[in-house]
Amino acid sequence: MLSVNTNKGAMVALQTLKQTNSDLAKAQNAISTGLKVASAKDNGAIWAIANKMRSDVTAYDRVRESTDRAASILDTGIAAGESIMELLNEMKGKALAASQAGLSASAQAALAADFAQLRDQITSIGANASFDGANMIGATPNNAVALGDAAGGNTITVTGVSLALASTTITVAGGSVLDTAANATTALGLVNASITNLGTQLATWGAGAKRLEVHKTFIGKLQDALSNGIGAIADADLAKESAKLQALQTKSQLGIQALSIANSSSQAVSSLFR
């Protein structure tokens, strides 16, 4: 049936052309953004999953920064502890020499003066072993704390220990002197105990530093895995989209021609009245 009021062929051609142009716009958007799911309206479920994973990747950047800070605090504490160990080793030699009977007064005084300088340097190291306001070896030691996950629910803590004079670890007291052989013998015992205690503590901190290093490496691998997962569900296959774009462009041109043909059919009505 020919009608000037209703052109079914033109309606079908127009709907087909609209769908083709819609698909063409999606293909162009995928190519320009590199994403097959660029917004929630493309695929709400996939977009929500990808967005959550992207937020986790960003959060893990903060976890890595936290781990770096904790590692720096711990490294500062270890460096200070190693410096104190060197002082204790020198103090041991001074105390051993001063514990000999029959030393001259001048020799005893010289050894005592050297020992006192080394002893007081321990306090100086403890006062300056801070990183970003945290001191793991001070009289009131801070801990090195790193975030453990993107949710903030877990942490990795390396406990600080005071390396101040007369502490549990450094048993040498501020009043330890070598003015006599007897006092030197007492000081030697305290120095030996301090060397043993500090060695154990440094080993513990070394294990903590290794743990932080392993954690940082793991976070990096986890971020890579999450990024790959995001790419798998949200990234566009550009080779496929390129081929699809060319096909849709051709289809669009043909749709325009089909619509033109359908529109021209109504002109045949006028020939019936000539």
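These figures come from a predicted structure and were not determined experimentally.
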Visitor: Applying the 4.5 Å side-chain criterion to the ILVMFWY set and letting contacts propagate, would L118 and I84 be lumped into a single cluster?
Guide: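 Yes: a chain of side-chain contacts under 4.5 Å links L118 to I84.
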Visitor: Check whether any side-chain N or O of W205 sits under 3.5 Å from a backbone N or O of T159 as a donor-acceptor pair, and report yes or no.
Guide: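 Such a contact is found between W205 side chain and T159 backbone.
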Visitor: Check whether W47 and I233 end up in the same hydrophobic cluster, where Ile, Leu, Val, Met, Phe, Trp and Tyr are linked by side-chain heavy atoms less than 4.5 Å apart.
Guide: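 W47 clusters together with I233.
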Visitor: For a 4.5 angstrom cut-off between non-hydrogen side-chain atoms, does D114 reach E90?
Guide: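 No, too far: nothing below the 4.5 Å cut-off.
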Visitor: Is N143 reaching over with its side chain to a backbone N or O of G160, donor-acceptor style, under 3.5 angstrom?
Guide: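 At least one qualifying donor-acceptor pair exists.
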Visitor: Is it true that D68 and R64 make a salt bridge, defined as a side-chain N closer than 4.0 Å to a carboxylate O?
Guide: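 Looking at R64 together with D68, the answer is no, because their closest N to O distance does not fall below 4.0 Å.
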Visitor: Any chain of hydrophobic side-chain contacts (each under 4.5 Å) joining I156 to L147?
Guide: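 No, because I156 and L147 fall into different hydrophobic clusters, even though each may have its own neighbours under 4.5 Å.
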Visitor: Could you state the interatomic distance from OG (S83) to CG (N128), rounded to the nearest 0.5 Å?
Guide: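 One gets 11.0 Å once the value is rounded to the nearest 0.5 Å.
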Visitor: Does any part of the side chain of Q108, heavy atoms only, come nearer than 4.5 Å to the side chain of T180, both counted from C-beta?
Guide: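 No, too far: nothing below the 4.5 Å cut-off.
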Visitor: With rounding to the nearest 0.5 angstrom, report the OH to CG distance, Y60 to D224.
Guide: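 Answer rounded to 0.5 Å: 13.0 Å.
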Visitor: Given side chains that start at C-beta, do those of T217 and K221 come closer than 4.5 Å, heavy atoms only?
Guide: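 Contact flag for T217/K221 side chains = yes.
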Visitor: Is any side-chain heavy atom of I73 closer than 4.5 Å to a side-chain heavy atom of N142?
Guide: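 They are not in contact (no side-chain heavy atoms under 4.5 Å apart), so the answer is no.
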Visitor: In the single-linkage hydrophobic clustering (I, L, V, M, F, W, Y; side-chain heavy atoms under 4.5 Å), do L202 and F131 co-cluster?
Guide: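 Both belong to a single hydrophobic cluster.
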Visitor: Has R119 got a side-chain atom pairing as donor or acceptor with G174's backbone, closer than 3.5 angstrom?
Guide: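 Confirmed, R119 side chain pairs with G174 backbone.
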Visitor: Are T168 and N197 side-chain neighbours, meaning at least one heavy-atom pair lies under 4.5 Å?
Guide: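 SC-SC contact between T168 and N197 ruled out.
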Visitor: Using side chain to side chain donor-acceptor pair (under 3.5 Å), reason through S167 and T169 one step at a time and then give a plain yes or no.
Guide: CA-CA 5 Å; S167 63; T169 304; 5.0 Å; no
Visitor: Measuring from atom CD1 of I78 to atom CD1 of I137, what distance do you get when rounded to the nearest 0.5 angstrom?
Guide: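 Between atom CD1 of I78 and atom CD1 of I137 there are 11.5 Å.
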Visitor: Rounded to the nearest 0.5 Å, what's the gap from CD1 on I195 to NZ on K92? Could you check?
Guide: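 Nearest 0.5 Å value for the CD1-NZ distance: 5.0 Å.
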Visitor: For E65, enumerate each residue passing the salt bridge (charged side-chain N to carboxylate O under 4.0 Å, His left out) test, keeping only those at least two apart in sequence or located in another chain.
Guide: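 Result, salt bridge (charged side-chain N to carboxylate O under 4.0 Å, His left out) vs E65: R62.
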Visitor: Find out whether V158 and R211 are in side-chain contact, i.e. whether some heavy atom of one side chain is under 4.5 Å from a heavy atom of the other.
Guide: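 No. Closest side-chain heavy atoms not under 4.5 Å.
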Visitor: Distance from D120 atom CG to L165 atom CG, nearest 0.5 Å?
Guide: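 Answer for the CG-CG pair, D120 versus L165, is 7.5 Å.
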Visitor: Going by the rule side-chain contact (heavy atoms from CB on, under 4.5 Å), which residues pair with T155 if we only count those two or more places apart in sequence or in a different chain?
Guide: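 Residues passing side-chain contact (heavy atoms from CB on, under 4.5 Å) with T155: V145, T157.
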Visitor: Answer yes or no: is there a side-chain heavy-atom contact under 4.5 Å between I125 and L87?
Guide: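 Yes, at least one pair of side-chain atoms sits under 4.5 Å.
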Visitor: For the side-chain contact (heavy atoms from CB on, under 4.5 Å) test, which of N192, I122, L190 pairs with L88?
Guide: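 That would be I122.
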Visitor: Does the side chain of P141 come within less than 4.5 Å of V161's, by heavy atoms?
Guide: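 V161 does not reach P141 side chain to side chain.
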Visitor: Should L222 and V214 be regarded as members of a common hydrophobic cluster, given that ILVMFWY residues are connected when their side-chain heavy atoms come within less than 4.5 Å of each other, either directly or indirectly?
Guide: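 Different clusters: L222 never reaches V214 through Ile, Leu, Val, Met, Phe, Trp or Tyr contacts under 4.5 Å.
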Visitor: Run the side chain to side chain donor-acceptor pair (under 3.5 Å) test against T67 and tell me which residues pass, sequence neighbours left out.
Guide: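 Testing T67 for side chain to side chain donor-acceptor pair (under 3.5 Å), a comparison that skips the adjacent residues, returns none.
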